[in-house]
There are 2 protein chains.
Amino acid sequence: MKPKITIYDVAKRAGVSQPTVSKVLNHYPHVKQSTKEKVQKAIDDLGFEPDFLARSLVTNKTRTIGLIVGDIANPFYAETAKVIIKEAQGSGYEVILVDTDYRRDFFEQSVKSLIAKRVDGVIIASITRKNDQIKDLQELGIPIMLYNRNLDSKSVNYIELDNEKGSMLAVEHLITLGHKRIAYISGPIQYSSFQNRLNGYLLGLRKHGIDPHQDLIYEGPFDYENILQYTLRLLVADLHERPTGFIVANDQMAIAVMDAIKRFGLRIPEDMSVIGFDNIDISASPFIGLTTVSQQKKRMAILSIQHLISIIEGKTAIDQSIRITLEPELIIRKTSGSVK
Amino acid sequence: MKPKITIYDVAKRAGVSQPTVSKVLNHYPHVKQSTKEKVQKAIDDLGFEPDFLARSLVTNKTRTIGLIVGDIANPFYAETAKVIIKEAQGSGYEVILVDTDYRRDFFEQSVKSLIAKRVDGVIIASITRKNDQIKDLQELGIPIMLYNRNLDSKSVNYIELDNEKGSMLAVEHLITLGHKRIAYISGPIQYSSFQNRLNGYLLGLRKHGIDPHQDLIYEGPFDYENILQYTLRLLVADLHERPTGFIVANDQMAIAVMDAIKRFGLRIPEDMSVIGFDNIDISASPFIGLTTVSQQKKRMAILSIQHLISIIEGKTAIDQSIRITLEPELIIRKTSGSVK
DNA sequence: CTGAAAGCGCTTACAG
DNA sequence: CTGAAAGCGCTTACAG
């Protein structure tokens with residue numbers, strides 16, 4: 001285990017003062033060419049790498065950003081995290097990834113840790129609508145970008161999908177195919193995206209003169225097993241009470257719904273239609289072929305990191321918040337069909 | 001934007017010296033109860049949170065670990081990263097996630113950044129067999145855990161699967177089902193896991209008196225499109241030269257292979273068998289139902305983070321490296337069947 | 001163009 | 001039990 005090489009070692013070897021080394025490190029304009037070379041040689045000889053921690057303490061920049069997601073094992077988050085991380089790395093930032101398991105206590109703890117570690121900014125992909133920790137970050141001047149979420153309060157940057165419209169597209173697609181009894185499987189509506197998707201479903205039905213039926217709407221624990229069991233319970237209903245189609249608030253849950261339908265012995269889409277939300281990669285596979293609402297996940301991810309970095313580096317004025325709403329697109333594959 | 005509250009502010013308000021505040025912060029034993037309370041009150045009043053950066057500079061501990069993966073969008077990495085991150089968070093560590101896109105230059109850059117940011121340790125899930133940057137980390141005394149990988153050099157901690165045995169299980173399963181012409185789709189063999197899986201395939205065939213055929217082995221770019229195209233090319237061969245089964249070095253690629261088979265109009269498993277590697281979550285879905293070699297991903301992930309933290313915190317002696325090899329298990333689903 | 005000094009926000013021996 | 005002093009490894013005015 002070698003002793004750590006510091007800027008002092010470099011200075012001594014180059015025969016200059018330690019601040020001078022700092023100046024060549026930071027490409028200060030007024031350094032004589034010859035001393036620049038002496039210093040550079042000493043750096044190379046010693047294999048010196050400046051310590052970011054020490055630098056951060058004085059510059060107040062860590063070149064680290066936080067990314068908070070609800071569940072990195074959900075492909076939607078993994079696929080977008082990839083885009084965010086690559087883009088950040090390309091701009092010289094590292095990202096601390098936090099997985100909250102959709103739990104409030106974990107979320108709160110994480111924000112504290114990220115503040116303590118002085119991240120330069122944070123992208124939050126999983127936050128409940130009401131949240132006051134955002135305020136802590138804002139007061140400390142840490143830029144925030146909400147991604148796929150929105151808040152009840154104002155003055156926070158966000159990029160989201162027009163979720164309401166997304167659901168309406170799904171509803172209208174099914175109605176066009178002759179469906180009248182359409183079930184809806186939601187994620188927790190404390191999250192704005194899930195709330196808005198649910199709203200869109202209700203609006204879409206009403207617009208076509210269909211009264212939403214409480215028994216056909218699920219909002220509860222949204223792990224695979226719970227979704228599977230709920231779906232099975234809906235299917236055992238009398239035929240005239242059984243839905244003919246499902247709209248599901250994300251693809252991951254939609255796959256669980258499809259699993260239940262298949263286990264129950266019904267065919268998709270002949271007997272039952274399913275529409276998801278997110279358009280994760282696997283949904284395009286011919287073995288899934290899920291009809292789904294795309295939320296332009298890559299675009300959303302890249303915009304959020306680019307804007308965040310732009311704010312961090314002072315290239316975007318912060319006196320006005322960034323609010324971007326992307327257009328949803330219905331991608332029709334083979335899990336949606338005409339009602340019999 | 002509030003000014004940052006420091007330990008000095010707390011000291012002044014509590015009417016004690018600044019080191020005394022530090023002592024109550026760190027739960028030093030010899031602090032009078034009454035001053036402890038005074039200080040705690042000042043901390044609460046001001047909402048003070050100690051700055052980790054400053055602390056790290058002196059303690060030489062950042063409570064941050066690095067996790068390097070090849071592609072976080074591959075569910076295998078996402079699902080295991082989740083386990084690692086959750087466990088780390090539970091022990092008071094944050095994780096910087098690095099995605100290398102399997103590129104050497106990105107890998108090298110990342111290691112430098114992680115060193116500069118003084119991570120307490122690093123878990124590497126994607127590293128080529130020959131690599132000398134490991135040495136840099138070791139010389140700096142930064143603990144390393146290789147995860148799902150191994151190195152040609154000695155003296156590095158790793159947890160891996162018996163990959164050779166895994167492939168042999170797959171080969172023998174197909175041979176038992178009557179297959180003789182078995183194709184193999186590999187990832188880049190600079191990675192030990194892929195090299196060992198390929199070795200197992202070759203060994204398995206030879207053990208049963210079958211000579212491996214070069215035309216049935218693919219090693220090249222391993223994105224979806226390339227795998228799809230290669231598979232299609234194999235399928236157009238004359239019937240007697242066409243393989244009857246595929247063993248694929250990971251599930252993600254296996255799904256691409258299945259896609260090609262389906263597009264070509266063949267049925268799985270009636271006309272063609274497919275076996276993957278990893279047992280990612282989606283493989284268990286009835287719509288995929290992939291026969292695959294499980295590498296106990298959750299166990300592997302949790303062991304690697306637990307051991308790493310144990311080393312970081314000095315609970316494990318570092319004079320001997322940790323070498324753990326897990327047993328593979330063949331999970332037979334519905335993509336493997338008897339040859340016609 | 002270069003260096004002496006102060007400071008970022010903490011911890012840690014060391015005295016007392 | 002508490003505080004004065006030094007130090008972690010850098011950057012940044014400020015003089016010269």
Let's see if you can work this out: which of dC8(D), dG3(C), dG9(C) has an atom nearest to the side-chain heavy atoms of R118(B)?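 The listed nucleotide nearest to R118(B)'s side chain is dC8(D).
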Could you tell me which nucleotide pairs with dA4(C) by Watson-Crick or G-U wobble geometry, both distances under 3.5 Å, or answer none if nothing does?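 Partner of dA4(C): none.
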Any-strand Watson-Crick or G-U partner of dA13(D), both distances under 3.5 Å: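 Per the H-bond distance test, none.
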Taking atom NZ as the centre, does K38(B) end up with more than 12 heavy-atom neighbours from other residues, nucleotides or ligands that are less than 6.0 angstrom away?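 For K38(B), atom NZ is crowded (more than 12 foreign heavy atoms under 6.0 Å).
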Exceeds 12 heavy-atom contacts within 6.0 angstrom, atom NZ of K112(B):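 Result for NZ/K112(B): open.
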Hey, could you give me the CD1/CD1 distance between I68(B) and I124(B), rounded to the nearest 0.5 Å?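 Spacing of CD1 (I68(B)) from CD1 (I124(B)) equals 4.5 Å.
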Does S22(B) put a side-chain nitrogen or oxygen below 4.0 Å from OP1 or OP2 of dT11(C)?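 For dT11(C), OP1 or OP2 has a side-chain N or O of S22(B) closer than 4.0 Å.
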State whether T6(B) places a side-chain N or O below 4.0 Å from either non-bridging phosphate oxygen (OP1 or OP2) of dG9(C).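 No.
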[atom1] of [X] versus [atom2] of [N]: gap in Å, rounded?
X       : N       : atom1 : atom2 : answer
Q33(B)  : dT2(D)  : CD    : C1'   : 16 Å
L25(B)  : dT12(C) : CG    : C1'   : 14 Å
N26(B)  : dT2(D)  : CG    : P     : 15 Å
K12(B)  : dG9(C)  : NZ    : C1'   : 15 Å
K23(A)  : dC1(C)  : NZ    : P     : 12 Å
Y28(B)  : dC10(C) : OH    : P     : 15 Å
K117(A) : dC8(C)  : NZ    : P     : 23 Å
K4(B)   : dG9(C)  : NZ    : P     : 7 Å

Hey, which sits more toward the 5' end of DNA chain C by its nearest nucleotide, T35(A) or Y8(A)?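 It is T35(A), whose closest nucleotide lies nearer the 5' terminus.
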Specify the residue among S17(B) and P19(A) whose closest nucleotide of DNA chain D lies further upstream toward the 5′ end.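 Looking at DNA chain D, the more 5' nearest nucleotide goes with S17(B).
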How are the rings of Y147(B) and F76(B) set to each other: parallel, tilted or perpendicular (split at 30° and 60°)?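 Parallel, since the angle between the ring planes stays under 30°.
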Taking only heavy atoms on the protein side, list every residue of residues 43-65 of chain A lying under 4.0 Å from any atom of DNA chain C, sorted numerically.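 Residues of residues 43-65 of chain A under 4.0 Å from DNA chain C: L57(A), V58(A).
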Looking at K82(B) and D101(A), does any basic side-chain N land under 4.0 Å from a carboxylate oxygen?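 Yes, this pair counts.
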Would you mind reporting whether L97(A) and V95(B) have side-chain heavy atoms less than 4.5 Å apart?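 No, every pair of side-chain atoms sits at 4.5 Å or beyond.
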Hey, does K117(B) have a side-chain heavy atom less than 4.5 Å from the side chain of T64(B)?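 Side-chain contact under 4.5 Å: no.
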